[in-house]
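Report on the following structure.
On a predicted model such as this, the values are computed, not experimentally measured, just so you know. We count ligands from 1, going down the list as the structure has it; atoms in each ligand are counted the same way.
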Amino acid sequence: MTTPTIELIHKHSSVRHYKPDPLPGETIETILAAGQRASTSSNLQMFSVVVTTDESKRARLMALCGNQRHIQQAPVFLAWCADLSRLQRVCDHQGYQIQAGYMENLLLASFDVALAMQNAGLAAESLGLGFCYIGAIRNNPREVIELFQLPRLVFPMCGMTLGWPARAPRLRPRLPLQAVLHWERYHPDDEEHLRTYDQAMIETGIYTGRQVSGGEHKSQLEYGWMEHSARRASKVHRPHLREALAEAGFEAR
Ligand SMILES: Cc1cc2nc3c(=O)[nH]c(=O)nc-3n(C[C@H](O)[C@H](O)[C@H](O)COP(=O)(O)O)c2cc1C
């Protein structure tokens, strides 16, 4: 069973090579309006998105986000932000005190951001455009906050490059459905599926020249999804985030 929407979803691939052609503002707004249509916790709409097409800002963002070249190459960069500042203004208008510093608020705002940006991404792909999420926007959140003049209670959760693909990106296989789908109860016995997937990923050649460091203690090594993911998952990533979030008002108590 399939539909044009399901087919579009299955064609998804992150785009890291872009043509320089600019995007009309109207196209960007069409995409973002589709993002806004996503479900949102209690309709609170706890996100904002800052768009930049400015070349010097994109150069600065590239430097702040681990020198990923597609950030400068793509004509558009979107900074998707958790935003409780709007609700604070609403509370002020209505004479209430916002309770922003709780884990639940951070989770809700994160869901809102994720759903909106995925909707926007699909809308972009339906127009033949490509995008790539940029989690590395959280490498230097304070500098990004300054660059975009984000007020308190607005935090850059994820970036997104957007533009016309310069070449067709490679499709990354996903885990077999059986590895993620659990009927009635959770089944942890997934080793066979993981190994099948590991082999499929090795065969794509995706990891050639893109190994994560570590594993020097291993004598023989087949570097596939399992080794790659284990190396990634056994490293600490962005330990500064708790403090940076708290500084922005997301204490997550
Ligand atoms: C939250 C999030 C952050 C990501 N951050 C980056 C990033 O900083 N740079 C990048 O090139 N890709 C980034 N990606 C893209 C993933 O690497 C990509 O989605 C994944 O490898 C699967 O590949 P595919 O999207 O082509 O299917 C990110 C994806 C997500 C969901």
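Every residue two or more places apart in sequence or in another chain was checked for a ring pair (Phe, Tyr, Trp, His ring centres under 6.0 Å) with His187, and none qualifies.
Residue Ala136 has at least one heavy-atom neighbour below 4.0 Å for each of these atoms of ligand 1: 8 (O). Per-residue contacts place Gly135 under 4.0 angstrom from the following atoms of ligand 1 (heavy atoms of the residue considered): 3 (C), 4 (C), 5 (N), 6 (C), 7 (C), 8 (O). The contact set between ligand 1 and His12, taken as ligand atoms under 4.0 Å from a residue heavy atom, comprises 24 (P), 25 (O), 27 (O). Atom numbering of ligand 1 starts at 1 in the shown order; those under 4.0 Å from a heavy atom of Ser13 are 26 (O).
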Subject >> Derivation of the salt bridge (Lys or Arg N to Asp or Glu O under 4.0 Å) call for Glu243 and Arg142 >> reply: CA-CA 10 Å; Glu243 209 179 295; Arg142 292 180 183 95; 3.6 Å; yes
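The aromatic rings of Phe148 and Phe77 sit parallel to each other, their planes meeting at less than 30°, with 60° as the upper class boundary. Classification of the His182-Tyr186 ring pair by plane angle, with boundaries at 30° and 60°, yields parallel.
Atom 9 (N) of ligand 1 has as its closest protein heavy atom Gln68 OE1, 2.6 Å. Counting only heavy atoms of the protein, atom 23 (O) of ligand 1 lies nearest to Arg172 CD, 3.1 Å. With hydrogens left out, the protein atom closest to atom 28 (C) of ligand 1 is Tyr133 CB, 3.6 Å, a heavy atom. The protein heavy-atom contact nearest to atom 26 (O) of ligand 1 is Ser14 N, 2.7 Å.
With respect to Lys11 and Glu7, no salt bridge is recorded, no charged nitrogen being found less than 4.0 Å from a carboxylate O.
At least one heavy atom of His70 sits less than 4.0 Å from an atom of ligand 1.
Shown here is His10, whose NE2 atom has no more than 12 heavy atoms of other residues, nucleotides or ligands within 6.0 Å.
For the residue pair Thr52/Arg58, the side-chain donor-acceptor check at 3.5 Å is not satisfied.
With a heavy-atom cut-off of 4.0 Å, Arg16 touches ligand 1 through its side chain alone. Proximity of Arg174 to ligand 1, defined as any heavy-atom pair under 4.0 Å, is confined to the side chain (atoms from C-beta onward).
Considering each of Gly66, Cys158, Cys132, the one bringing a non-hydrogen atom nearest atom 1 (C) of ligand 1 is Cys158.
Alongside Leu8, the hydrophobic cluster contains Ile9, Leu122 (criterion: ILVMFWY side chains under 4.5 Å).
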